[in-house]
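Scroll down for the structure; my scribbles are underneath it.
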There are 2 protein chains.
Amino acid sequence: MAPHQITIKDIAKILGISASTVSRALKDHPDISPKTKTMVQTFAKKVHYRPNALALNLRRSKTNTIGIIIPEMVHHFFSSVLAGIDKIAYDAGYNVMICQSNENYEREISDAQALLDNRVDGILMSLSKTTHKLDHINNLLDHGLPLVFFDRAPEELSVDKVIIDDLMGAKIATHHLISIGCKKILHLAGPQHLQIGKRRRQGYEDALTENGMEYNPNYVIKCDTMDEVYANAGQILEMASEIDGIFAVNDSTAIAAMQVLMKNDIKIPDHISVIGFGDGPNAKIAYPPLSTVEQKGIEMGQEAVKLLIKQIEENEVTTEPSTKVLTPVLRIRESTNKSRLY
Amino acid sequence: MAPHQITIKDIAKILGISASTVSRALKDHPDISPKTKTMVQTFAKKVHYRPNALALNLRRSKTNTIGIIIPEMVHHFFSSVLAGIDKIAYDAGYNVMICQSNENYEREISDAQALLDNRVDGILMSLSKTTHKLDHINNLLDHGLPLVFFDRAPEELSVDKVIIDDLMGAKIATHHLISIGCKKILHLAGPQHLQIGKRRRQGYEDALTENGMEYNPNYVIKCDTMDEVYANAGQILEMASEIDGIFAVNDSTAIAAMQVLMKNDIKIPDHISVIGFGDGPNAKIAYPPLSTVEQKGIEMGQEAVKLLIKQIEENEVTTEPSTKVLTPVLRIRESTNKSRLY
DNA sequence: CACCTTATTGCAAACGGTTGCAATAAGGAA
DNA sequence: TTCCTTATTGCAACCGTTTGCAATAAGGTG
């Protein structure tokens, strides 16, 4: 098996000097004589000496590792966040240790413990959907561990967080539909007991009233997955004749709605304009390509890790926790572009 | 800052006994008297003692961590592989340390070194597209580090690997087109200097000849991105009248082709059936939903990590490196289903 | 020549845990 | 009472590196 990685002690023994001298020589300590230094350094290079990170970590109680707890990896938004984190972290000399909670509260707890046990220098996390208590978070905080939340952050805790402005995003989307002339807009909404569903519906309502249009609860259907669209196809088709725009709580829902409408010979965007809310590259693939509000996953990851690194390196200076709010951007494609498609 | 995690030494001091006794009591060593044991154990529980993983790792030179080097995270296939790895690894008590090479050779080298420095117990990796030398791989091997490749494996090295049978996948796809009656099938091919492009084209050719059909090089167009499809739209449309099937080297190419055809009033699958090769969930989103050959990313991750854990735990028993070949599966949707769409 | 600097090196402790072996004390047998 | 077991505990070394401090030797000064 492993031909035993060479250590400082090995070098010391071979060169007939002490380990401390080797250690100092390797890092150019002024106390060491030039002769010894070059001797040690050239020898170390020759045998490909590499310090044992485990020993270093233990000594300094500093691992140069950032722990990440993420609900899901097979998800365009979250994997984008990971990519954003990774880039900045790598450039700053940190490794990342990633745990996937699988939207499972118990798993999230054990992940947090594992990262704590491994003495990561800080943690980035996004809460799982099933997390209903925050004891494990408070535990991390009690240990003084730097911690930054992204996307799904606990409202009641005063910690650093990076989130997106769902309300603004929904307003932007709805405004866009209005600006191209839509008068009756249907909203396919998410569950109203979740922040995300609530805020996006509220943004829709705000945009209407801001434009002097009436908010009609009958134009809000709870429907946020492709399957749910198929299940509610009848209801949607019934309304199709009276509406001229649809704002869906996410892209897959919007795409499913387009599929249903098109199969029934309703043209998009000619008869009805459709806009989604960005959960990935699906929008570009869709037919017609879907206008949507794009969540900048990469940017979110970058901002979060920057905050974390600041916490880690600016030790003790307990500044007030900051909340960074990212505003999503409108991407106009053919599903709301009445002039360009044909 | 951190209120200093409690250690075995702390417990020993407080309880007035030696650290070794505490250590043994905590792990139910038979030498320790029942009284001492319960005293130590209950006290440890009370103060939430947790062993310092760093110290353990150093002592045992075993980190219970698996290193992963992956070209890209924002990619459905690779993130699926990660998810597969994570599940098995977690159940087996391993953490994962993930590095993203970003398809960059230099970065891949530095990632490999970082994982080596951190003494991970083994490495799972998929080569970056720009990797042209294998010194860093051989370096890992020289250190006796367990190593398993997935998807993109070096052909010339005798190591464990888990790969996909591209040739078989392409054959399956082409066979399917033939089985539903296609007589003239166009192949939108990948670059022929890459394994993946070569094998998929070969599978297409094999399927034709196996069915007594003539292989015509004019029916192979090098074209493997959406943009390339748009650029070659003219050529594709010219051929559209003589062909009745398209096999594309990947899903996005197939989807772009469908878009181009549909805009020119060519019906799918009525006039032309289209099948892709699985790079993700796009196929379901497409209109019409795209038939494709699905690569099982999760399964690949699981198989790879199983091989790796076997290597790690079955120390020294240097069995022959094994290559596991996964066969992708056919997913039939409406783009090749002449009866169901309308 | 004795004494003080200064340059260079090594010793030993520390990070937090594990473990072989010695040490102690208590109990039993003769 | 004396010796031998046996049960229980502690000492010390170790994993690989860093670092405060002491130690040594060489050189300079009076």
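Lettering follows sequence order; numbering is per chain, from 1. Below, all heavy atoms of this structure are taken into account, side chains as well, without hydrogens, waters or symmetry copies.
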Taking only N/O atoms, report every protein-nucleotides 23-28 of chain C pair under 3.5 Å with atom names and distance.
none

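Going from atom NE2 of B/His29 over to atom C1' of C/dG20 covers 10 Å, rounded to whole Å. A/Lys27 places its NZ atom 16 Å from the P atom of D/dG16, with the value rounded to the nearest Å. Atoms CZ (B/Arg119) and C1' (D/dC15) sit 11 Å apart, rounded to a whole Å.
Residue A/Ser18 places no side-chain atom within donor-acceptor reach of the base of C/dC11, judged by atom type and a 3.5 Å distance cut-off alone.
Over its full length, the helix from C/dC1-D/dG30 to C/dA30-D/dT1 turns its helical axis through 80°, comparing axes from the five pairs at each end and rounding to 10°.
Nearest-nucleotide assignment on DNA chain D puts the 5′-proximal partner with B/Ala55, out of B/Ala55 and A/Arg59. Each of B/Leu58 and B/Asp31 was assigned the nucleotide of DNA chain C with the nearest heavy atom; the assignment lying further toward the 5' end belongs to B/Leu58.
Contact annotation: A/Thr21 reaches the phosphate of C/dG10 (side-chain N/O to OP1 or OP2, under 4.0 Å). Under 4.0 angstrom from either OP1 or OP2 of C/dT9 there lies at least one side-chain N or O belonging to A/Thr36. Residue A/Tyr49 places at least one side-chain N or O under 4.0 Å from the OP1 or OP2 atom of D/dT17. Between B/Ser23 and C/dT19 there is no side-chain N or O to OP1 or OP2 distance below 4.0 Å. The phosphate of D/dA7 (OP1 or OP2) has no side-chain N or O of B/Ser33 nearer than 4.0 angstrom.
Contacts with DNA chain D (heavy atom under 4.0 Å) in residues 8-15 of chain A: A/Ile8, A/Lys9, listed by number.
Relative ring orientation between A/His75 and A/Phe78 is described as tilted, the plane-to-plane angle lying within the 30° to 60° band.
At a threshold of 4.0 angstrom between heavy atoms, the contacts of A/Ser20 include nucleobase atoms, whether or not backbone atoms are also involved. Note on B/Ile17: only backbone sugar-phosphate atoms sit closer than 4.0 angstrom, heavy atoms only; bases stay farther off.
Here the side chains of A/Thr65 and B/Met97 are in contact, with some heavy-atom distance below 4.5 Å. Using a 4.5 Å heavy-atom threshold, the side chains of B/Leu56 and B/Asn64 count as separate.
Residue A/Arg24 places its side chain closer to C/dC11 than to any other of D/dG16, C/dC11, D/dC15.
Note: B/Leu308 CG to B/Phe149 CZ = 11.5 Å, rounded to the nearest 0.5 Å.
The backbone N or O of A/Gln100 lies less than 3.5 Å from a partner atom in the side chain of A/Arg107, making a donor-acceptor pair.
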